[in-house]
Amino acid sequence: MSQAVESTLPEELVTLLTDHLGVKAAPESLTPSASFESLDVDSLALMELVVSAEEEFGIVLPEETLDLSPASTLAEAARAFDEARRAR
């Protein structure tokens with residue numbers, strides 16, 4: 001596995017945002033500091049993101065992930081993905 005870099009997002013998260021949720025955003029806007037709100041992702045879509053991540057990638061996201069809100073950043077979600085990958 002490649003070395004994790006905090007300034008990048010997990011490939012799984014980007015895939016879920018663009019492919020599953022259909023986020024139409026330029027790659028440069030998918031940054032750790034971007035909020036879900038800025039990408040037009042609402043709370044229902046966030047729950048879909050969590051369920052899809054667990055099903056598609058066989059990971060169990062930490063309970064704190066359920067506290068994500070549209071105001072949360074992609075960095076916060078990336079931390080949850082990182083924790084889930086480590087727990088595998």
Side-chain angles (χ1 to χ4, degrees):
M1 184 176 271
S2 63
Q3 180 180 355
V5 178
E6 277 191 42
S7 63
T8 61
L9 298 170
E11 186 177 327
E12 294 97 336
L13 177 58
V14 173
T15 298
L16 287 172
L17 287 169
T18 58
D19 294 351
H20 183 74
L21 294 182
V23 170
K24 305 274 189 268
E28 60 272 6
S29 66
L30 294 176
T31 65
S33 62
S35 70
F36 286 103
E37 198 169 51
S38 71
L39 300 171
D40 293 324
V41 175
D42 62 16
S43 55
L44 180 59
L46 279 173
M47 289 308 298
E48 289 178 31
L49 178 85
V50 170
V51 170
S52 295
E54 292 180 344
E55 289 176 355
E56 291 185 34
F57 301 110
I59 58 176
V60 177
L61 292 166
E63 216 169 290
E64 308 85 65
T65 306
L66 301 177
D67 294 336
L68 288 176
S69 71
S72 298
T73 65
L74 297 184
E76 292 169 314
R79 276 192 289 280
F81 272 78
D82 188 48
E83 287 175 29
R85 276 198 302 252
R86 286 190 221 169
R88 275 197 256 185

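Every residue two or more places apart in sequence or in another chain was checked for a side-chain contact (heavy atoms from CB on, under 4.5 Å) with Asp40, and none qualifies. For Ser72, the side-chain contact (heavy atoms from CB on, under 4.5 Å) partners are Phe36, Leu68, Ser69, Glu76, not counting sequence neighbours.
Annotation: the span from Leu46 atom CG to Asp67 atom CG amounts to 11.5 Å, rounded to 0.5 Å. The CG atom of Asp82 sits 10.0 Å away from atom CD of Glu12, with the distance rounded to the nearest 0.5 Å. Once rounded to the nearest 0.5 Å, the distance linking CG of Leu16 with CD of Glu55 reads 10.5 Å. Summarising the geometry, atom OG1 belonging to Thr15 is positioned 11.0 Å from atom CG belonging to Leu9; distances are rounded to the nearest 0.5 Å. With values rounded to the nearest 0.5 angstrom, Arg86 atom CZ is found 13.0 Å from Ile59 atom CD1.
Heavy-atom minimum distance, Ala78 versus Pro10: CB-CD, 3.4 Å. Contact detail for Ala53 and Leu61: the closest heavy-atom pair is CB-CD1, 3.8 Å. Closest of all the heavy-atom pairs between Ser29 and Ala26 is OG-O, 2.6 Å. Residue Ser35 comes nearest to Ala71 through the heavy atom pair CB-O, 3.8 Å, listed as atom of the first residue, atom of the second, then distance.
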Enumerate donor-acceptor pairs with a distance under 3.5 Å from any side-chain N or O in residues 17-24 to protein atoms, sequence neighbours excluded.
| from | atom 1 | to | atom 2 | distance (Å) |
| --- | --- | --- | --- | --- |
| Thr18 | OG1 | Val14 | O | 2.9 |
| His20 | NE2 | Ser52 | OG | 2.7 |

Next on the checklist: Using the rule given for side chain to side chain contact (heavy atoms under 4.5 Å, CB included), can you reason through Leu13 versus Leu30, listing the C-alpha separation, both sets of side-chain angles and the distance that settles it, and then say yes or no?
Outcome noted: CA-CA 10 Å; Leu13 177 58; Leu30 294 176; over 6 Å; no
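Leu49 and Met47 end up in the same hydrophobic cluster when Ile, Leu, Val, Met, Phe, Trp and Tyr side chains are linked at under 4.5 Å.
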